[in-house]
Chemist: 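The following block contains the structure, expressed as C-alpha cells.
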Protein chains: 2
Amino acid sequence: MDKRSAEKTVAGGTLPAGGGADQVVPAYRRIANALADRVNLGVYPPGSRLPSGSELCREFGVSPMTVRKAMTILESRGLVAGVKGRGTFARSVDLSDTSFRLDSLTGEWLDETAEIRLLSASMTRADDKVAATLAVAPGDRVIFVRRLVLHNGDPAMYHTEYIVYDPRRPLVESQLQLTSLHAFLDSGRARRFPRGELTLTAVKLDADSARALGESEGDLALCLEHVFQDGSRAPVSWGWFILRAELFRLKARLGPE
Amino acid sequence: MDKRSAEKTVAGGTLPAGGGADQVVPAYRRIANALADRVNLGVYPPGSRLPSGSELCREFGVSPMTVRKAMTILESRGLVAGVKGRGTFARSVDLSDTSFRLDSLTGEWLDETAEIRLLSASMTRADDKVAATLAVAPGDRVIFVRRLVLHNGDPAMYHTEYIVYDPRRPLVESQLQLTSLHAFLDSGRARRFPRGELTLTAVKLDADSARALGESEGDLALCLEHVFQDGSRAPVSWGWFILRAELFRLKARLGPE
DNA sequence: TAGTGGTCTAGACCACTTA
DNA sequence: AAGTGGTCTAGACCACTAG
C-alpha cells in the first residue's frame, strides 16, 4: 500500500486515538506486549503453539515483518521459542529466566570519587592452577597484579589478576598505572579483550583480602571471578574482584518494560 | 529486485562461497559481528559516530532493514546507542554491562530430586516494614509462608514470603501445597504475577535461616529478595530466598555469541 | 532542506515439518 | 503440497537534528 494514500494507519503506528494518546507505542511493541500478556495469563499455556505468523498478521492488521519483530522480542525475553516449520511455542518462564545486570551494582557508587590504587605488579611463574586456567605451561612467566579500588577514601574492592605474558603485547606499561576507575573497568573489555567469562559467588574474606579491604578475616564478600579471552577464545587474564558485601547488590526486573 | 531473477545473492544470505561454507550466517549477523569488532578494536572509538544507515547499506550491499536489524542487536548488547536525527554512536562498554542469568544458578541442581517442603503458613498482621513494602496499612491481614527447598535430601534454600491477603484471589489454597520445585519457581511468575523486582546480595545467616538450613548462624549465604507485582505494578508479595552459598553461583559471558 | 534513526509495508525466497 | 518460521528487499513515511 502506498503511504501517500494511507487511510487508517501511519508509519509510526496507529493513528492518535481520539482521546489523545500521550505516547506513540510502536505496533511491534503493542503486539509483543499483547502476546506476552496472553502467555503470562495462560491464554497460551506453556508448551502450546501460538497462532502462526500469518494468523497474527490478520489479527493485528500488520505486515509479516512487524509480527516477526514482535516475536523476536518475545523470543529474546525467553517467553516463546520458535521452531522452523512447526510453529512458535509458549515457554514456561520462571525465576530462572531472570537476568541481573552488573551495572545495577556499580551505578550507585561509581563516580568521580572512585580511586584506584596499584598495590603490586610483578612477573612471576605460573603455578599449576594458574597454568591450567590460562592454558600455559606450569612455570611460564605471567604478570601478577593487585589493585585496590577506593570509594570515598574507603576500600571497596580488591582485585587480583594473572595476565599471560606476551612481549608483543605491552600490557603492563599501559594498564598498570591506571588511576581512573572508569578506565580501569573499561580495560576489562573495550580495548583489551573482547570476550570473557564471569562468575559471581559469595565468599568469606581470606587473610590477604581482609587486610587489603581493612576488614576481618571471615567477613562476608562477593567474588566476581573473570577469565578474559582474546578473539580466538584463548585465555589472557584470570583474576577476581573481591567486593565488600554491603556496597554491592544486583538488581533485576521481571516482566515488560 | 525480483528474487526469481536473483544473480549474486539469495534470500538466506550470500551465496555459498566457492570454498564451501559449513554454516550459513545470516547477513544481519555478519554485519553485527563486523561492526562489533570495529567497536571493540577501536575503529569506532567510544563516543564517535558510526557510518550512517545508508552508508552501511552501500558497504555491505544489503537493504536498510537488514542493516537496521544488525544495529538493533548491537544496541541491545549496549555496544552502540542510536540517536534520532543525529546518528548512531559507539559506547564505551565495560564490565558493568555484563548481565548474569539466574538460570546458570539453577541449571546445575534443579532436577527431579528437588523437593519442596511447606514449613508454615499462617495469617498475620502487617508490621511497619511489611506494610510499607506491600503498600498496605499496618495491621492489615497478610499471609505469611515459609518454605524449604531440598536437593538430594539436603536443605538448599529457605524461602520466606509475605503475601497481600485478597479474598477474591484464593492464592493460599492453590499455592501453598506445592510439591514440585518447578511449579514452585514457576509460581513466582507464569500464572501468578507477571512483574517483579529482584535483588541479590550476600548475607550472613540469621538464627532462623540457619536453623532451617541446618547450618550455623553467621554462615555465608546469598539472599534473593523479591517483590512480585500485579499487572498494575501494585506489590502483591514480598519475600526472600536464602541460598546456601556453596550451591549457587551466577555465570555470564562477555562478547559475541 | 538534507540527512539520520526508527518504523512499516507487501511482497519474495529458503529450510523445514507435517500430512 | 501446504503451512510455518526465518531472512531479505526496495521502497515508504515520520520525528528529529543540523547547517
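Keep in mind that this is a model prediction, so the values were computed, not measured. Values reported hereafter were calculated over all heavy atoms of this structure, with side chains retained and with hydrogens, waters and symmetry mates removed. A, B, ... follow the sequence lines: proteins, then strands. Residue 1 opens every chain.
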Chemist: Given Watson-Crick or G-U pairs with both distances under 3.5 Å, what dot-bracket string fits DNA chain D, with | for other-strand pairs and [ ] for crossing?
Modeler: ||||||||||||||||||.

Chemist: With B/Glu197, which residues qualify under salt bridge (charged side-chain N to carboxylate O under 4.0 Å, His left out), at least two apart?
Modeler: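 Salt bridge (charged side-chain N to carboxylate O under 4.0 Å, His left out) list for B/Glu197, sorted by chain: A/Arg253.
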
Chemist: Mind checking side chain to side chain donor-acceptor pair (under 3.5 Å) for B/Arg38 and listing every partner two or more places apart, or none if nothing turns up?
Modeler: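 B/Arg38: side chain to side chain donor-acceptor pair (under 3.5 Å) contacts with B/Tyr44, B/Glu59.
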
Chemist: Given C/dG11, is OP1 or OP2 found less than 4.0 Å from the side-chain N or O atoms of A/Ser63?
Modeler: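 Looking at the OP1 and OP2 atoms of C/dG11, neither is under 4.0 Å from any side-chain N or O of A/Ser63.
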
Chemist: Rounded off to whole Å, could you give me the CE-to-C1' distance for the B/Met71 and C/dT4 pair?
Modeler: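 These atoms are roughly 11 Å apart.
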
Chemist: Does B/Thr88 put a side-chain nitrogen or oxygen below 4.0 Å from OP1 or OP2 of C/dT4?
Modeler: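 Answer no for this pair, as no side-chain N or O of B/Thr88 is under 4.0 Å from OP1 or OP2.
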
Chemist: Does any part of the side chain of B/Met71, heavy atoms only, come nearer than 4.5 Å to the side chain of B/Leu50, both counted from C-beta?
Modeler: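 In contact.
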
Chemist: Tell me, please, which residues at least two apart from B/Thr199 pass side chain to side chain donor-acceptor pair (under 3.5 Å).
Modeler: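 Once residues adjacent in sequence are excluded, B/Thr199 has no partner under the side chain to side chain donor-acceptor pair (under 3.5 Å) criterion.
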
Chemist: Does A/Leu250 reach the side chain of A/Leu200, with side-chain heavy atoms less than 4.5 Å apart?
Modeler: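 Result yes, sub-4.5 Å side-chain heavy-atom pair found.
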
Chemist: So, OP1 or OP2 of D/dG3: does either fall under 4.0 Å of a side-chain N or O from A/Ser54?
Modeler: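 Answer is no, no contact under 4.0 Å.
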
Chemist: If the condition is side-chain contact (heavy atoms from CB on, under 4.5 Å), which residues does B/Thr133 pass it with, not counting sequence neighbours?
Modeler: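 With sequence neighbours excluded, B/Thr133 shows a side-chain contact (heavy atoms from CB on, under 4.5 Å) to B/Lys129, B/Val227, B/Trp238, given in chain and number order.
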
Chemist: Do the ring planes of A/His159 and A/Phe241 sit parallel (below 30°), tilted (30 to 60°) or perpendicular (above 60°)?
Modeler: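 Rings of A/His159 and A/Phe241: parallel, under 30°.
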
Chemist: Mind calculating the distance between CZ (A/Phe60) and P (C/dT7) to the nearest angstrom?
Modeler: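 Computing the A/Phe60:CZ to C/dT7:P distance gives 18 Å.
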
Chemist: Could you list the residues that satisfy side-chain contact (heavy atoms from CB on, under 4.5 Å) with B/Thr66, not counting sequence neighbours?
Modeler: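 Applying side-chain contact (heavy atoms from CB on, under 4.5 Å) to B/Thr66 gives B/Ala27, B/Tyr28, B/Ile31, B/Val62, B/Ser63.
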
Chemist: Within this structure, what is the CE-to-P distance between B/Met65 and C/dT9, rounded to whole angstrom?
Modeler: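 My rounded result for the distance is 10 Å.
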
Chemist: Please identify each residue that fulfils side chain to side chain donor-acceptor pair (under 3.5 Å) with B/Thr72, with sequence neighbours left out.
Modeler: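 Side chain to side chain donor-acceptor pair (under 3.5 Å) list for B/Thr72, sorted by chain: B/Arg68.
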
Chemist: Check side-chain contact (heavy atoms from CB on, under 4.5 Å) between A/Ala234 and all other residues, then give those that pass, not counting sequence neighbours.
Modeler: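 Scan of A/Ala234 (side-chain contact (heavy atoms from CB on, under 4.5 Å), adjacent residues dropped) gives A/Asp230, A/Ser232.
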
Chemist: Taking 4.0 Å as the cut-off, does a side-chain nitrogen or oxygen of A/Lys69 come that near to OP1 or OP2 on C/dT7?
Modeler: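 So the side-chain polar atoms of A/Lys69 do come within 4.0 Å of the phosphate oxygens OP1 or OP2 of C/dT7, strictly under.
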
Chemist: Whole Å only: how far is the CZ atom of B/Arg49 from the P atom of D/dA18?
Modeler: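 Distance, rounded to whole Å: 11 Å.
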
Chemist: Go nucleotide by nucleotide along DNA chain C from the 5' end; which of B/Leu50 and A/Val67 gets its closest nucleotide reached first?
Modeler: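 Between the two, 5'-proximity favours B/Leu50.
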
Chemist: Give the rounded distance in Å between these two atoms: CD1 of A/Ile73 and P of D/dG5.
Modeler: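 In whole Å, D/dG5 P lies 17 Å from A/Ile73 CD1.
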
Chemist: Between A/Arg58 (CZ) and C/dA10 (P), how many Å, whole number?
Modeler: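 Result: 15 Å.
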
Chemist: Pick out the pairs of N or O atoms, protein on one side and nucleotides 15-17 of chain D on the other, that lie under 3.5 Å.
Modeler:
none

Chemist: Under 4.0 Å between any heavy atoms, over every strand shown, what does A/Thr72 touch: base, sugar-phosphate, or nothing? Just pick one.
Modeler: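 No contact at all - A/Thr72 keeps every heavy atom at 4.0 Å or more from the nucleic acid.
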
Chemist: Indicate whether OP1 or OP2 belonging to D/dT7 is found under 4.0 Å from a side-chain N or O atom of B/Tyr28.
Modeler: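 Checking B/Tyr28 against D/dT7: at least one side-chain N or O falls below 4.0 Å of OP1 or OP2.
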
Chemist: Take B/Pro64 and B/Ser52, find for each the nucleotide of DNA chain C with the closest heavy atom, and name the residue whose nucleotide sits nearer the 5' end.
Modeler: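 Closer to the 5' end of DNA chain C: B/Ser52.
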
Chemist: What is the separation between atom CZ on A/Arg30 and atom C1' on C/dC8, rounded to the nearest whole Å?
Modeler: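 Distance check: A/Arg30 CZ to C/dC8 C1' gives 12 Å.
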
Chemist: Rounded to whole Å, please give me the gap between CD in A/Glu55 and P in D/dT4.
Modeler: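 Going from A/Glu55 (CD) to D/dT4 (P), I get 6 Å.
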
